[in-house]
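All of these numbers come straight from a predicted model, not from anything done at the bench.
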Amino acid sequence: MSALEKAESTVFVASGMYAAVAMLSALVPAGGHIVTTTDCYRKTRIYMETELPKRGISMTVIRPADMDALQNALDNNNVSLFFTETPTNPFLRCIDIEHVSNMCHSKGALLCIDSTFASPINQKALTLGADLVIHSATKYIAGHNDVIGGCVSGRDELVSKVRIYHHVVGGVLNPNAAYLILRGMKTLHLRVQCQNNTALRMAQFLEEHLKIARVYYPGLPSHPEHHIAKSQMTGFGGVVSFEVAGDFDATRKFIDSVKIPYHAPSFGGCESIIDQPAIMSYWDSKEQRDIYGIKDNLIRFSIGVEDFEDLKNDLVQALEKI
């Protein structure tokens, strides 16, 4: 993993969520301040909002593309860390890693990138100036939807601090999970290249379909950070988010009508996975859905390694049902 990310050191842990928790716990001091983005994995945000304040850690939340807000946060707080995904979940917003690393470092702040959606095949954040990269190895790294794990990569002095915290608290990756992740990594480049190609074709197809209201994919010129994605990614990933031209029930009917993708909350594996975030990730809070733009008709589609025509035909027949 260190070779893939061009990192000095890597520590593997029991899950991607624990990788984020260990990184924040080890590197952000009590009374510190962090910056993060609105668009992100929901459980990461919940942890930062509910657990970090217990240690006196405050937080500024910015829109992914709002560099003025980032600069303002850096100017007016003693920021320890900017922690962001790129691409983000579920709208696949992209952050200019080189630019924000310069901004953060000029104020003495660290930059940690959650690169799970990109994988190290498509993006190497450390070479662009990030101090740390984390992955949910559950996703592309292992790649078979059958194991949970996470990792933190970066400079040895920083990863060592995470490793010391990890050795005290636990969250150890079990040996069989380590074996499964190593096995999966042998085909990582083949899987991701296939998923990149199929996802781009799928995004282009969906953007032209009359029953699709909007498509979110960094490989499309219509994406607000397409220019950033082109400059720092070698592929755009295997996840396509889109909004069906219909209401909650129409979207649910579409989801229930697809035959190939599994209905599940993960992504990055060999099998395609599809979910409706309003039901899956945000089922318990309409208020949170409204705040973060999670509409009832939003779909997150993780492309597997199936044939493009098979997947396209499956979506076409499902869209005909609504």
Side-chain angles (χ1 to χ4, degrees), residues 5-8 16-17 19-53 55-89 91-118 120 123-136 150-155 157-159 161-162 165 218 224-225 228-229 231-233 292:
E5 284 289 8
K6 299 190 182 299
E8 291 180 358
M17 186 65 223
V21 169
M23 182 277 299
L24 290 165
S25 300
L27 298 178
V28 182
H33 190 93
I34 66 170
V35 181
T36 191
T37 54
T38 52
D39 200 32
C40 68
Y41 178 54
R42 188 184 178 204
K43 293 300 179 5
T44 306
R45 181 169 57 243
I46 290 173
Y47 173 78
M48 291 189 286
E49 289 175 345
T50 61
E51 297 301 318
L52 293 185
R55 294 170 47 204
I57 296 170
S58 54
M59 179 172 65
T60 297
V61 182
I62 65 170
R63 300 279 177 187
D66 194 344
M67 293 298 97
D68 289 339
L70 174 59
Q71 189 62 60
N72 186 62
L74 291 166
D75 289 342
N76 293 289
N77 302 278
N78 184 19
V79 176
S80 305
L81 176 79
F82 178 29
F83 178 39
T84 181
E85 302 169 9
T86 183
T88 62
N89 179 21
F91 294 113
L92 302 160
R93 303 298 298 272
C94 296
I95 285 81
D96 187 330
I97 299 170
E98 186 172 12
H99 180 55
V100 299
S101 69
N102 290 334
M103 293 174 68
C104 291
H105 294 159
S106 71
K107 295 292 185 176
L110 296 173
L111 173 63
C112 179
I113 298 294
D114 183 334
S115 199
T116 302
F117 266 76
Q123 177 175 276
K124 300 190 188 302
L126 298 175
T127 67
L128 296 168
D131 299 289
L132 291 160
V133 173
I134 72 170
H135 287 275
S136 170
C151 59
V152 183
S153 301
R155 297 204 314 273
E157 76 173 282
L158 297 175
V159 175
K161 293 178 181 179
V162 178
Y165 174 88
E225 287 87 44
I228 293 174
S231 69
Q232 68 186 22
M233 300 180 74
Y292 297 108

* To do: Give the C-alpha distance, both sets of side-chain angles, the deciding distance and a yes or no for side chain to side chain contact (heavy atoms under 4.5 Å, CB included) between L27 and L81.
  => CA-CA 8 Å; L27 298 178; L81 176 79; 5.6 Å; no
* Apply side chain to side chain contact (heavy atoms under 4.5 Å, CB included) to the pair D75 and K107, showing each step before the final yes or no. => CA-CA 8 Å; D75 289 342; K107 295 292 185 176; 3.0 Å; yes
* Report the C-alpha distance between I134 and C112 in whole Å, list the side-chain angles of each, state the deciding distance to 0.1 Å, and finish with yes or no for side chain to side chain contact (heavy atoms under 4.5 Å, CB included). => CA-CA 7 Å; I134 72 170; C112 179; 3.8 Å; yes
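Using modelled atom types, no side-chain atom of E51 and backbone atom of V21 make a donor-acceptor pair closer than 3.5 Å. No donor-acceptor pair closer than 3.5 Å links the side chain of R93 to the backbone N or O of E225.
Taking 4.5 Å as the limit, every side-chain heavy atom of Y41 sits out of range of all side-chain heavy atoms of D114. F83 has its side chain within reach of T44: a pair of non-hydrogen atoms, C-beta onward, lies under 4.5 Å apart. For the pair T88 and C40, the minimum side-chain heavy-atom distance is 4.5 Å or more. Looking at H135 and S153, their side chains never come closer than 4.5 Å, going by heavy atoms from C-beta outward. Considering only heavy atoms from C-beta on, S80 stays 4.5 Å or farther from L110 through its side chain. Q123 places none of its side-chain heavy atoms less than 4.5 Å from the side chain of F117. At a threshold of 4.5 Å between non-hydrogen side-chain atoms, the residues L74 and M103 count as touching. At least one side-chain heavy atom of D131 sits under 4.5 Å from a side-chain heavy atom of R155.
A donor atom on one side chain and an acceptor atom on the other are not found under 3.5 Å apart for T37 and D39.
Atom CD of E98 has 12 or fewer neighbouring heavy atoms from other residues, nucleotides or ligands inside a 6.0 Å radius. By the neighbour-count criterion of 12 heavy atoms within 6.0 Å, atom CG of N78 is sparsely surrounded, having that number or fewer from other residues, nucleotides or ligands.
Going from atom NZ of K6 over to atom CG of L126 covers 10.5 Å, rounded to the nearest 0.5 Å. Atom NE2 of H33 and atom OG1 of T60 lie 2.5 Å apart (nearest 0.5 Å). Atom-to-atom distance recorded for R55:CZ and L24:CG is 8.0 Å, nearest 0.5 angstrom. We find the CD-OG distance between E85 and S115 to be 10.0 Å, quoted to the nearest 0.5 Å. To the nearest 0.5 Å, atoms CG (N89) and CZ (R42) are separated by 12.0 Å. The CD1 atom of I97 lies 12.0 Å from the NZ atom of K124; values are rounded to the nearest 0.5 Å.
Residue L111 forms a side chain to side chain contact (heavy atoms under 4.5 Å, CB included) with just one option from V35, L132, V100, and that option is V100.
Of all the heavy atoms in T38 and P64, the pair that sits closest is OG1-CD, 3.6 Å. Of all heavy-atom pairs between C94 and M233, the closest is SG-SD, 4.5 Å.
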